[in-house]
Amino acid sequence: MTDDVKGERIAKFLARAGVGSRRDVERMVAEGRIIVNNEVIQQPATFVTAQDMIRVDGAVIGPQERTRVWRYHKPTGLVTTHHDPQNRKTVFESLPLGLPRVISIGRLDLNSEGLLLLTNDGALARRLELPSHQWVRRYRVRVFGLVDEKRLAALAEGSVFDGVRYGAIQAGLDSRRGDNSWLTVSLQEGKNREIRRVMAALNLHVSRLIRVAYGPFQLGTLQKRALEEVPIKTLREQIGGFEAAPRRKAARSVAR
């Protein structure tokens with residue numbers, strides 16, 4: 001049997017379609033929420049192809065649509081997840097009605113704001129998140145405390161704080177007013193809450209963190225909560241090997 005005839009595992013297939021992560025899909029299979037060709041599937045190892053009829057929570061994975069990417073200006077107070085156990089407001093609940101189901105490319109925590117890229121293509125999201133893609137993420141950071149510029153510069157060599165090793169961080173002082181300063185911080189590999197933890201190790205408290213760029217994509221003048229689709233021409237110019245060919249449309253369900 002050829003790979004084309006065999007297809008691919010349901011978890012990978014639906015993750016690529018943006019239904020959820022592979023782990024999400026595996027859980028949905030265990031919960032009996034996925035039907036393939038009118039049968040509830042029981043095994044995450046089930047293989048499917050584009051010719052199969054697939055339903056998730058009753059919604060059909062329907063006609064094909066092209067890969068799309070949006071810039072979104074995330075405000076503080078929203079979490080970047082489809083379902084929050086603490087019932088906090090999420091980014092995805094704040095998006096305009098009628099938007100296809102999307103996932104984020106990277107995340108911003110509850111108290112962070114700025115540029116968040118969204119896409120309807122799970123495979124593209126994972127690809128652009130990889131450190132090997134080497135896209136620089138740039139932030140404007142307001143800190144409270146005494147800034148030591150030599151210690152900031154030393155972050156470019158990598159650092160270890162509380163037993164955690166961090167990669168190179170480019171950080172520079174932009175302005176200072178009393179005990180408050182604005183920094184520009186850039187990194188390629190971002191661990192969870194990395195900037196806040198590194199700044200805390202330098203005795204600096206982060207009072208505001210704004211992502212202004214993710215790779216070649218800029219926040220620019222995009223207003224808070226505003227959403228703007230990135231033109232296909234720009235995606236082709238900025239993402240090597242980008243293909244805008246149609247892909248199966250994800251079901252309008254939320255992994256939960």
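Everything quoted here is computed from the prediction, not taken from an experiment.
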Using a 4.5 Å cut-off on heavy atoms from C-beta on, say whether the side chain of Val230 contacts that of Gln238.
no

Steps toward side chain to side chain contact (heavy atoms under 4.5 Å, CB included) verdict (Leu202, Asp148)
CA-CA 8 Å; Leu202 300 183; Asp148 184 330; over 6 Å; no

If I take atom CZ from residue Phe92 and atom OG1 from residue Thr80, how far apart are they, to the nearest 0.5 angstrom?
6.5 Å

Do Leu152 and Met199 have side chains that approach each other closer than 4.5 Å (heavy atoms only, starting at C-beta)?
yes

Following the transitive rule for hydrophobic clusters with a side-chain heavy-atom cut-off under 4.5 Å over Ile, Leu, Val, Met, Phe, Trp and Tyr, establish whether Phe47 and Val40 coincide in one cluster.
no

Less than 4.5 Å apart, side chain to side chain, heavy atoms only: is that true for Arg138 and Ser186?
yes

From Ile10 CD1 over to Ile54 CD1, what is the distance, rounded to the nearest 0.5 angstrom?
4.5 Å

Is the closest side-chain heavy-atom distance between Met28 and Leu14 below 4.5 Å?
no

Close side-chain approach of Leu99 to Leu227, heavy-atom, < 4.5 Å
yes

CZ on Arg142 to CZ on Arg177, rounded to 0.5 Å
11.0 Å

Is there a donor-acceptor contact under 3.5 Å from the side chain of Asp24 to the main chain of Ala11?
no

Rounding to 0.5 Å, atoms CG (Asp121) and CZ (Arg127) come to a distance of 10.0 Å

Closest non-hydrogen atom pair, Leu222 against His73:
O-ND1, 2.6 Å

Report yes if some heavy atom in the side chain of Phe161 is under 4.5 Å from a heavy atom in the side chain of Arg197; otherwise report no.
no

Salt bridge (charged side-chain N to carboxylate O under 4.0 Å, His left out) involving Asp174 - partner list, sequence neighbours excluded
Arg140

Can you find a side-chain donor-acceptor pair between Arg208 and Thr76 that sits under 3.5 Å?
no

Has Glu129 got a side-chain atom pairing as donor or acceptor with Gly106's backbone, closer than 3.5 angstrom?
yes

Checking side chain to side chain contact (heavy atoms under 4.5 Å, CB included) for the pair Ile195/Leu187: CA distance, chi angles, key distance, verdict?
CA-CA 9 Å; Ile195 293 177; Leu187 49 82; 3.8 Å; yes

Test Phe217 against Thr234 for side chain to side chain contact (heavy atoms under 4.5 Å, CB included), laying out the working first.
CA-CA 9 Å; Phe217 301 100; Thr234 301; 4.1 Å; yes

Would you say the side-chain atoms of Ser94 and Tyr72 include a donor-acceptor pair closer than 3.5 Å?
yes

Search all heavy atoms of Leu116 against all heavy atoms of Ser104 and return the closest pair with its distance.
CD1-CB, 4.1 Å

Using the side-chain hydrogen bond (donor to acceptor under 3.5 Å, both in side chains) definition, which of the options Lys74, Arg107, Arg196 pairs with Ser112?
Arg196

Side chains of Thr46 and Phe13: closer than 4.5 Å at any heavy-atom pair?
no

Please check this pair: side chain of His82 against backbone of Val102, looking for a donor-acceptor N/O pair closer than 3.5 Å.
yes

With side chains defined as the heavy atoms from C-beta onward, is the minimum distance between Asn111 and Leu209 less than 4.5 Å?
no

Please report the shortest heavy-atom distance between Pro44 and Glu26, naming the atom on each side.
CB-CG, 3.8 Å

Residues 78-98 vs salt bridge (Lys or Arg N to Asp or Glu O under 4.0 Å), sequence neighbours excluded, gives Asp84-Arg88

Please give me the minimum heavy-atom distance between Gln218 and Gly215, naming the atom from each residue.
NE2-O, 3.9 Å

When rounded to the nearest 0.5 angstrom, what distance separates CG in Asn87 from OG1 in Thr90?
10.5 Å

Would you name the heavy atoms of Arg176 and Ser181 that are closest together and state the gap between them?
CG-OG, 3.5 Å

State plainly whether one hydrophobic cluster holds both Val147 and Phe144, where clusters connect Ile, Leu, Val, Met, Phe, Trp and Tyr through side-chain heavy atoms under 4.5 angstrom apart.
no

What residue among Arg193, Lys191, Arg211 forms salt bridge (Lys or Arg N to Asp or Glu O under 4.0 Å) with Asp109?
Arg193

Given the rule that I, L, V, M, F, W and Y join up when any side-chain heavy atoms are under 4.5 Å apart, are Tyr139 and Val143 in one cluster?
yes

Hey, mind stepping through Thr119 and Arg68 against side chain to side chain contact (heavy atoms under 4.5 Å, CB included) and telling me if it holds?
CA-CA 6 Å; Thr119 181; Arg68 302 167 70 185; 5.8 Å; no

Hydrophobic clusters here meaning ILVMFWY residues chained together by side-chain heavy-atom distances under 4.5 Å, can you tell me if Leu108 and Val79 are in one?
no

First locate atom CD1 of Ile34, then atom CZ of Arg27, and finally report the distance between them rounded to the nearest 0.5 Å.
10.5 Å

Between Ala168 and Ala156, which heavy-atom pair has the shortest distance, and what is it?
CB-O, 3.3 Å

Going only through I, L, V, M, F, W and Y residues with side-chain contacts under 4.5 Å, is there a path from Val136 to Leu219?
no

